[in-house]
Structures are given as C-alpha cells and as structure tokens.
Amino acid sequence: DIYVSRRKSASAPFESPTSLGPTINTAASESSPFVTADERTLLFGRGVPRMIYQATRTNRDASFGEPKQLANVNRGVWQEFPRLTNDGLHLILVSSRAQGSQRLWRASRDSIAADFGPLVPLGPTINQGIMSGPSLSSDETTLYFSSERPNGYGGRDLWFSRRVPKRSVAETAALKPDETKDHAPP
C-alpha cells in the first residue's frame with residue numbers, strides 16, 4: 001500500500017503516515033510511488049505481474065482520482081519504478097520484457113493529454129545486469145539507478161549515467177560506498 005507523510009516545514013518532523021485510501025490501495029498490492037513536483041500526478045506499480053498506473057487530482061490537498069493503467073506501457077510482464085521527466089512527456093521505468101531481465105526503458109508522448117508511445121530500452125551502456133530504482137536529477141542530466149552490473153563494488157550497487165552531447169560517449173560509473181557529495185566516476 002502507499003502512504004503519505006507531510007511536515008509543516010523542511011526543519012519540522014514528519015507527521016504520522018496516512019494511507020492514500022481505497023481508491024489507490026487495493027488487495028492487489030501497490031508499490032514504487034512517484035509523485036510529480038506539483039503533487040497532482042501519482043504513478044505507481046500494482047498487481048502481479050506489476051503494471052504501471054496513473055492517478056491525478058486537482059490540487060495537492062485533494063484525493064487522487066481512480067487510477068488508470070498506462071496505455072502502451074503495460075504488456076503482461078513486470079513493470080515498476082515509474083519516473084516522469086519534469087515536463088511529463090518522458091517516462092523511465094523498469095520492465096522485465098526483454099528475456100525476463102529487469103531493464104530500464106523509456107517512453108515518450110507529444111503532450112500531457114496523449115498516451116505514451118511504445119517502450120524503448122535505454123540500451124547496453126545503461127542496461128547491464130539486473131536494473132532497479134531509476135531516479136532523474138532535478139535538471140534531468142543525471143540518471144541514478146541500482147544494478148548488479150560488472151565492475152561494481154559487490155551485489156546491487158548505485159550507479160549514475162550523465163546525459164552528454166550526442167557526439168560524446170555516455171559516462172556511467174558506480175557510486176563509491178563512502179561517496180555522499182561528489183558523484184564523479186571512480
């Protein structure tokens with residue numbers, strides 16, 4: 001199930017979490033929520049196999065409406081960890097549609113009102129090993145994710161990849177275990 005916890009300011013403690021209610025939370029099991037910066041759109045995974053749903057509301061204090069499965073994204077295999085770009089036109093998620101392995105995929109649309117187009121894999125520079133938990137930086141130039149890819153520090157490591165100009169080679173590196181501020185490659 002998905003819960004929300006708020007606080008009155010950045011320095012105040014979080015209040016007790018409350019359920020998003022029966023419109024969002026069902027017996028099908030919900031997970032991996034993503035809320036847009038304006039707090040009006042919620043994306044999440046639901047069911048087995050996990051499918052991506054979207055629910056919207058008119059303002060941050062209103063309840064979310066009835067969730068709908070995203071068109072062109074769900075294919076009867078596992079999808080999870082949906083993440084939208086700031087403009088809402090691009091979606092990144094984890095899907096097991098390629099040989100059953102969890103990989104990062106993206107889909108795009110022309111407007112917020114349009115359905116997303118078909119999913120496209122992020123490619124072999126990114127997709128090595130089992131992938132999970134994508135997150136974009138606020139300026140959308142860095143993608144963070146976890147992976148069991150080669151050359152890590154052991155098990156599932158945190159990685160990042162920076163968007164670079166088309167003529168450059170993409171930069172992908174593991175975050176060092178003690179790295180908290182400097183995210184440069186090792």
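Bear in mind the structure is a predicted one, so any value in this text is a computation, not a measurement.
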Visitor: Consider only side-chain heavy atoms of I, L, V, M, F, W and Y, link residues closer than 4.5 Å, and tell whether Trp105 and Val73 are in one cluster.
Guide: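 In one cluster with Trp105: Val73, yes.
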
Visitor: For the backbone of Thr36 and the side chain of Thr41, can you confirm whether one donor and one acceptor N or O come within less than 3.5 Å of each other?
Guide: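 No.
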
Visitor: What is the minimum heavy-atom distance between Ile130 and Arg156, and which atoms define it?
Guide: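 Here Ile130 and Arg156 meet closest at CG2-NH2, 3.0 Å.
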
Visitor: Of the non-hydrogen atoms in Pro67 and Ile24, which two are nearest, and what is the gap between them?
Guide: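 Minimum heavy-atom separation between Pro67 and Ile24: CG-CD1, 3.9 Å.
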
Visitor: Under 3.5 Å, side chain of Asn72 to main-chain N/O of Pro118, donor-acceptor pair present?
Guide: no

Visitor: For Val94 versus Gln102, what's the shortest heavy-atom pair and its separation?
Guide: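 Heavy atoms only, the tightest pair is CG1-CB, 3.8 Å.
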
Visitor: Evaluate the side-chain proximity of Leu42 to Leu20: yes if any heavy-atom separation is below 4.5 Å, no if none is.
Guide: yes

Visitor: Minimum heavy-atom separation for Phe14 and Ser5, please, with both atom names.
Guide: CB-OG, 3.4 Å

Visitor: Does either side chain, that of Glu80 or that of Ser31, offer a donor lying less than 3.5 Å from an acceptor on the other one?
Guide: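 Yes.
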
Visitor: Between Gln54 and Leu43, is a side chain to side chain contact (heavy atoms under 4.5 Å, CB included) present by the stated rule, with each step listed?
Guide: CA-CA 5 Å; Gln54 176 177 302; Leu43 296 174; 3.4 Å; yes

Visitor: If you take all heavy atoms of Ala107 and Gly117, which pair is closest and at what distance?
Guide: CB-O, 3.5 Å

Visitor: Given 3.5 Å as the limit, does a donor-acceptor pair link the side chain of Arg57 with the main chain of Glu39, or not?
Guide: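 Yes; at least one donor-acceptor contact below 3.5 Å.
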
Visitor: Contact between Phe145 and Ile126 at the side-chain level, heavy atoms closer than 4.5 Å - yes or no?
Guide: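 Contact flag for Phe145/Ile126 side chains = yes.
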
Visitor: To the nearest 0.5 Å, what is the distance between CZ on Arg6 and CG on Asp61?
Guide: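 Answer rounded to 0.5 Å: 6.0 Å.
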
Visitor: Please state whether the rings of Phe44 and Tyr53 are parallel, tilted or perpendicular, taking 30° and 60° as the class boundaries.
Guide: parallel

Visitor: How long is the gap from CD on Gln79 to OG on Ser32, to the nearest 0.5 Å?
Guide: 11.0 Å

Visitor: Quick one: pull up CG in Asn86 and OG in Ser138 and give me the separation to the nearest 0.5 Å.
Guide: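 It is 7.5 Å, given to the nearest 0.5 Å.
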
Visitor: Look up atom CZ in Phe116 and atom CG in Leu84, then write down how far apart they are to the nearest 0.5 Å.
Guide: 5.0 Å

Visitor: Just wondering, are more than 12 heavy atoms of other shown residues or ligands nearer than 6.0 Å to CG in Asp110?
Guide: no

Visitor: Should Phe34 and Leu91 be marked as a side chain to side chain contact (heavy atoms under 4.5 Å, CB included) after you check the CA-CA gap, both sets of side-chain angles, and the distance that decides it?
Guide: CA-CA 11 Å; Phe34 174 83; Leu91 172 71; over 6 Å; no

Visitor: In the structure I gave you, are the side-chain heavy atoms of Leu104 and Leu143 within less than 4.5 Å of one another anywhere?
Guide: yes

Visitor: Measuring only between side-chain heavy atoms, which start at C-beta, is Arg103 closer than 4.5 Å to Leu122?
Guide: no

Visitor: Does Arg46 reach the side chain of Gln69, with side-chain heavy atoms less than 4.5 Å apart?
Guide: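 SC-SC contact between Arg46 and Gln69 ruled out.
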
Visitor: Could you tell me if the side chain of Pro49 sits less than 4.5 Å from the side chain of Met51, heavy atoms only?
Guide: yes

Visitor: Using atom types as modelled and distance alone, determine if a side-chain donor or acceptor of Thr85 lies under 3.5 Å from a backbone N or O of His90.
Guide: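 Checking the backbone N and O of His90 against the side chain of Thr85, a donor-acceptor pair under 3.5 Å is found.
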
Visitor: Does the side chain of Glu148 come within less than 4.5 Å of Ser132's, by heavy atoms?
Guide: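 No; the side chains remain at least 4.5 Å from each other.
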
Visitor: Okay, side chain of Asn25, backbone of Glu30: is any donor-acceptor separation there less than 3.5 Å?
Guide: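 It does not hold such a pair.
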
Visitor: Can you name the closest pair of heavy atoms from Trp159 and Gly152 and give their distance?
Guide: CZ2-CA, 3.6 Å

Visitor: For a side chain to side chain contact (heavy atoms under 4.5 Å, CB included) check, start with the C-alpha distance between Leu93 and Leu119, then their side-chain angles and the critical distance, and finish with the verdict.
Guide: CA-CA 9 Å; Leu93 58 85; Leu119 286 175; 4.1 Å; yes

Visitor: Going by heavy atoms in the side chains, are Thr23 and Glu66 under 4.5 Å from each other?
Guide: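 Yes - at least one pair of side-chain heavy atoms lies under 4.5 Å apart.
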
Visitor: Sub-3.5 Å donor-acceptor pair from the side chain of Ser147 to the main-chain atoms of Gln128, do we have one?
Guide: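 Yes, the answer is positive, given that a donor and an acceptor are paired below the 3.5 Å cut-off.
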
Visitor: Could you give the distance from CG (Leu136) to OG1 (Thr142), rounded to the nearest 0.5 Å?
Guide: 8.5 Å

Visitor: Please lay out, stage by stage, how Asp38 and Arg60 fare under the test side chain to side chain contact (heavy atoms under 4.5 Å, CB included).
Guide: CA-CA 7 Å; Asp38 65 5; Arg60 74 182 296 261; over 6 Å; no

